[in-house]
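Let me begin by presenting the structure, written as structure tokens, before commenting on it.
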There are 2 protein chains.
Amino acid sequence: MGDKHILGDLQHAIMRVLWAEGEATVARVQEALEDERDRALTTIATMLVKMEKKGIVAHRSEGRQFVYRPLVSETEVQRSMVGELTDMLFGGDVTALVSHLLTEQEIDDKELARLKALIAEHRSKERRRGR
Amino acid sequence: MGDKHILGDLQHAIMRVLWAEGEATVARVQEALEDERDRALTTIATMLVKMEKKGIVAHRSEGRQFVYRPLVSETEVQRSMVGELTDMLFGGDVTALVSHLLTEQEIDDKELARLKALIAEHRSKERRRGR
DNA sequence: GCGCATCTACTACTCGGGTAGTAATACTGG
DNA sequence: CCAGTATTACTACCCGAGTAGTAGATGCGC
């Protein structure tokens with residue numbers, strides 16, 4: 001649970017397929033990833049084995065092929081990885097990260113407006129929850 | 001320049017020392033990192049060689065020891081790594097990242113207030129620049 | 001049933017981060 | 001000048017991500 005769900009590129013790409021489809025065979029994963037890059041079936045299969053060993057996916061047999069499903073949610077992975085990065089780059093200070101986003105990452109007025117709305121919305125949500 | 005300044009844990013720890021001190025010898029870096037974890041001098045030295053090969057630090061000789069200095073700024077590294085993560089986890093959508101921070105990462109009222117202030121400040125800055 | 005296609009299993013290799021021992025070298029104190 | 005110390009150079013590992021070939025098993029078409 002509280003594990004480090006830090007995924008590499010391919011692992012994450014595979015997870016995205018599984019999250020989107022609920023579950024998928026090796027062939028299906030490969031197919032879904034085909035436009036991004038062409039990888040051998042065995043590459044996907046090997047990776048899935050490693051991922052299962054790590055405990056982030058599981059499989060069941062359907063006929064003679066394996067159907068894989070995710071064991072961690074996208075949100076969990078996001079939390080892990082964003083948290084990791086925030087710690088590493090900003091000493092765990094979330095506002096420092098947001099500040100960086102505002103000043104160093106290109107953000108246009110439209111996005112800024114959405115951010116403002118997000119924060120306003122969040123505040124009211126907090127209040128509604130009785131904070 | 002536009003390179004991928006994606007650093008591992010140790011590399012980043014070393015960079016933090018160099019950023020803080022401007023430049024430092026191997027021994028100084030090790031000393032600064034001592035409280036975090038005890039690593040052999042040669043570990044730091046080897047890493048610095050690899051980092052120099054990557055082009056993110058450089059050294060000059062002072063007597064018989066090397067004095068290393070950073071060749072990339074902290075901001076550049078933050079931009080690279082935050083950008084990378086934003087692409088990987090949120091399809092490049094910065095507002096999605098902020099939204100995640102608001103809903104999934106624990107943010108208290110004080111931080112929220114600071115965020116609001118940040119955004120307000122940023123907006124006025126934009127306006128001042130004539131956007 | 002034979003042969004071909006499809007799958008998984010196993011094995012192997014590259015690469016970069018991380019860690020460190022040992023060798024060579026240069027300096028320093030007595 | 002000589003022994004010990006500090007410092008870099010070289011070498012060697014381990015590990016996990018990623019990539020894929022080959023082998024072995026299993027099902028399918030005819």
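Here is the naming used below: chain letters follow the sequence lines, and residue numbers restart at 1 for every chain. This structure is a prediction, so every number in the text was calculated from the model and none was measured.
- Nearest to the side chain of Met47(B), among dG17(C), dA17(D), dT19(D), sits dG17(C).
- Rounded to a whole Å, the CZ atom of Arg39(B) is 20 Å from the P atom of dC14(D).
- Contact between the side-chain N/O atoms of Lys53(B) and the OP1/OP2 oxygens of dG16(C) is not found at any separation under 4.0 Å.
- Distance CD (Gln30(A)) to C1' (dC7(C)): 12 Å, rounded to an integer number of Å.
- Nucleotide dG17(C) holds its P atom 11 Å from the CE atom of Met88(A), rounded to whole Å.
- In this entry the distance linking CG of Leu33(B) with P of dA20(C) reads 12 Å, nearest Å.
- In summary, Glu36(A) and Arg39(A) engage in a salt bridge, as defined by a charged side-chain N under 4.0 Å from a carboxylate O.
- In this structure, Arg114(A) CZ and Asp93(B) CG are separated by 5.5 Å, a value rounded to the nearest 0.5 Å.
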Apply side-chain contact (heavy atoms from CB on, under 4.5 Å) to residues Leu48(A) and Ile14(A) and explain how you reach the verdict.
CA-CA 8 Å; Leu48(A) 278 165; Ile14(A) 291 174; 3.8 Å; yes

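- Taking atom CZ of Arg28(A) as the reference point, atom C1' of dT6(C) lies 18 Å away to the nearest angstrom.
- Each ring pair (Phe, Tyr, Trp, His ring centres under 6.0 Å) pair with one or both residues in residues 17-39 of chain A, not counting sequence neighbours, appears once here: His12(A)-Trp19(A).
- Between Lys54(B) and dG17(C), a side-chain N or O to OP1/OP2 separation shorter than 4.0 Å is present.
- Proximity of Leu115(B) to Leu102(B): side-chain heavy atoms (C-beta onward) are separated by under 4.5 Å at one or more points.
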Spell out protein contact along nucleotides 6-13 of chain D as letters: B when the base is contacted, S when just the sugar-phosphate is, - when no protein heavy atom is under 4.0 Å; keep the 5' to 3' order.
SSSB----

Worked verdict on Tyr68(A) versus Glu52(A) for side-chain contact (heavy atoms from CB on, under 4.5 Å)
CA-CA 9 Å; Tyr68(A) 284 91; Glu52(A) 185 157 38; 3.9 Å; yes

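- The residue among Ile6(A) and Asp38(A) whose nearest nucleotide of DNA chain D is located toward the 5' end is Ile6(A).
- The side chain of Leu10(B) approaches dT19(C) more closely than any other nucleotide in the set dG18(D), dT19(D), dT19(C).
- In this structure, Ile44(A) atom CD1 and dG21(D) atom C1' are separated by 15 Å, rounded to whole Å.
- Taking atom CD of Glu31(A) as the reference point, atom P of dC7(C) lies 11 Å away to the nearest angstrom.
- Take the nearest nucleotide of DNA chain C for Gly63(B) and for Gly8(B): the residue whose nucleotide is more 5' is Gly8(B).
- Protein atom CD of Glu62(A) is 17 Å distant from nucleotide atom P of dT6(C), rounded to whole Å.
- Under the 4.0 Å criterion applied to side-chain N and carboxylate O atoms, Arg28(A) and Glu31(A) are assigned as salt-bridge partners.
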